Amino acid sequence: MAEPSSPKKVVVLGSTGSIGESSLSVARDIPERMEVIGLAAHRRVDSLAKQLAEFDVKQGCIFDPKGLDQLKTQIADDVTLYTGEDGLVELATLPEADMVLIAIVGVAGLRPALAAIEAGKDIAVASKEILVMAGEAVMSAAREKGVRVLPVDSEHNAIFQCLEDRSPTDVSRLILTASGGPFRELPADQLATVTKAQALKHPTWAMGQKITIDSATLFNKGLEMIEARWLFDIEMQRVDVIVHPQSIVHSMVEFIDNSVLAQLSTADMCFPIQYAITWPDRVPNTLPPLDFAELAQLNFEAPRWDDFPALNLAKEAGEKGGTLPAVMNAANEVAVAAFLKELISFPKIWETVEETMSSHNSITHPSLEEIIDADLQARAKATELIS
Ligand code: NAD
Ligand code: MG
């Protein structure tokens, strides 16, 4: 455990969400390692104001400009406030920032992530959507600038810990674990009638609504397969999934000698967030250790590929590449939003995604503009399919 001279200065984008709040718990837990210097949220003015005050942060961003006036009345005079995407980019490129943690749900984190890389900052990425959409562009920009993309998603953080910068040629398979979600054991013919409330009841993790629905359809695991493909430069054929209901083994790497390394901890996102911040150091914290006698058993089972089509759709999107992953992601976002408004049935989520994907002509090695264009087209198509 090395003792750094000063804490890492971190900007948190999406600070009022589930990951954002966990990031701030980490900052409270290891203040000698993490200093928060910028905070951004969508529209939750009260929470953002409270966070700015608690961490004495002087730079804030409220994405929705409607909240700006109210926010101004709730904060100290010496805090500089920004709004909109330009505001997110402003925070992502603060000269004093060492790292930008991106915990914005959806694709709004993409431009700020690229701007942070361009400005030479390491990024810690929770927002899997941006790696799914533009993984090739994000990773190549990071390589060019010599900055790190540190994974916060628990599976990818686990793989990152197991790999320790080993070459992809040493790896035979990345094995992502999946809890299986609330419908792991539900017969396929009953999936058509599940409710929003049932889908939001995740067995092991407390998370935002979008990712919780994704965990129920298994699109979350599908997105993570593509995320892993780019983060670790491993083609889709070597990215595998196993269901592990206890969510204690966060993922594994099988090496070419058939030896497997796994990373384990209790299911708390503070673990991967802390490691992304302190890497390559390990530092003590107040998180609970594992009690193996209490756990008693860890189970593994094959995913139900046929009953949860999200996995195969993601596999296809990841293998074909180009703009197809962005299209899958966008159609899924639209469909999940409609399911959360109780406008469509649960299976209609993957049916919408499948139809949107099959109507798309993918562009290989797309530019950022082409990716954003494909994203917009897919949103329009999915919306049309739903209405
Ligand atoms: P959440 O819904 O709880 O929070 C979303 C956050 O994003 C909020 O702070 C919101 O204000 C912010 N936000 C949304 N749009 C924004 C915009 N345009 N500008 C600025 N801020 C904006 O979501 P979450 O569960 O914390 O997930 C965040 C991301 O992390 C998602 O991409 C998710 O897939 C990923 N992730 C989450 C978990 C988890 O345990 N929650 C685990 C792994 C990965
Ligand atoms: Mg995950």
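In each ligand, atom 1 is the first atom listed, and ligand 1 is the first ligand listed. Throughout, numbering of the chain's residues begins at 1 and tracks the sequence. None of these values were measured; they are calculated from a predicted model.
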With nothing but distance in play, are any N or O atoms of [X] less than 3.5 Å from an N or O of ligand 1?
| X | result |
| --- | --- |
| G106 | no |
| G17 | yes |
| G208 | yes |

Legend entry - Protein N, O or S within less than 2.8 Å of the Mg ion (ligand 2), waters excluded: D153 OD1, E155 OE1, E224 OE2
Is a donor from one side chain sitting under 3.5 angstrom from an acceptor on the other, for [X] and [Y]?
| X | Y | result |
| --- | --- | --- |
| Q51 | R44 | no |
| T16 | S47 | no |
| Q377 | D373 | yes |

Inset, instruction - Find the distance between CE (M236) and CD (E316) and round it off to the nearest 0.5 Å. - result: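 Answer for the CE-CD pair, M236 versus E316, is 10.5 Å.
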Legend entry - E185 side, atom CD; E301 side, atom CD - distance, nearest 0.5 Å: 6.5 Å
Legend entry - Side chain, backbone, both or neither: the part of H42 lying under 4.0 Å from ligand 1 by heavy atom: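 Within the 4.0 Å criterion, H42 contacts ligand 1 through backbone and side-chain atoms alike.
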Name the closest protein heavy atom to [atom], giving the residue it belongs to and the distance to 0.1 Å.
| atom | result |
| --- | --- |
| atom 35 (C) of ligand 1 | A126 O, 3.1 Å |
| atom 43 (C) of ligand 1 | D153 OD1, 3.0 Å |
| atom 33 (C) of ligand 1 | I211 CD1, 4.0 Å |
| atom 17 (C) of ligand 1 | F63 CG, 3.7 Å |
| atom 12 (C) of ligand 1 | G14 CA, 3.8 Å |
| atom 26 (O) of ligand 1 | I19 N, 2.8 Å |

For [X], counting its heavy atoms only, list the atoms of ligand 1 lying under 4.0 Å from any of them.
| X | value |
| --- | --- |
| L88 | 19 (N), 20 (C) |
| A41 | 11 (O), 20 (C), 21 (N) |
| T16 | 8 (C), 9 (O), 10 (C), 11 (O) |
| S15 | 9 (O) |
| E129 | 31 (C), 32 (O), 34 (O) |

Inset, instruction - Please work out which of V105, L101, V152, L39 has its closest non-hydrogen atom nearest to atom 7 (O) of ligand 1. - result: V105
Legend entry - Identity of the nearest option to atom 6 (C) of ligand 1, non-hydrogen atoms only, from S215, A103, G20, S18: A103
Inset, instruction - Without swapping roles, check the side chain of K221 against the backbone of T177 for a donor-acceptor pair under 3.5 Å. - result: yes
Legend entry - Side-chain donor or acceptor of D98 paired with backbone N/O of K8 under 3.5 Å: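 No, because the side chain of D98 does not come within donor-acceptor range (under 3.5 Å) of the backbone of K8.
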Inset, instruction - Only counting residues at least two apart or in another chain, list the ones meeting side-chain hydrogen bond (donor to acceptor under 3.5 Å, both in side chains) with N220. - result: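 side-chain hydrogen bond (donor to acceptor under 3.5 Å, both in side chains) check on N220 returns K128, E224.
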Inset, instruction - Could you tell me if any non-hydrogen atom of K128 lies under 4.0 Å from any atom of ligand 1? - result: yes
Legend entry - Salt bridge present between R33 and D281 (N-O < 4.0 angstrom):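 Counted as a salt bridge, because a side-chain N and a carboxylate O are separated by less than 4.0 Å.
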Legend entry - R111 and E85 ion-paired at < 4.0 Å: yes
Inset, instruction - Fit a plane to each ring of F300 and H244, take the angle between them on a 0 to 90° scale, and name the class: parallel (under 30°), tilted (30 to 60°) or perpendicular (over 60°). - result: parallel
Legend entry - Parallel, tilted or perpendicular: rings of F183 and F346 (30°, 60°): perpendicular
Inset, instruction - Quick one: do N285 and V26 satisfy side-chain contact (heavy atoms from CB on, under 4.5 Å)? Show the steps, please. - result: CA-CA 9 Å; N285 55 30; V26 172; over 6 Å; no
Inset, instruction - Verify salt bridge (Lys or Arg N to Asp or Glu O under 4.0 Å) between K58 and D56, making sure each step is shown before the conclusion. - result: CA-CA 6 Å; K58 300 299 177 206; D56 195 23; 2.9 Å; yes
Inset, instruction - Could you go through the side-chain contact (heavy atoms from CB on, under 4.5 Å) check for R148 and M99 one step at a time? - result: CA-CA 9 Å; R148 280 282 178 167; M99 176 182 273; over 6 Å; no
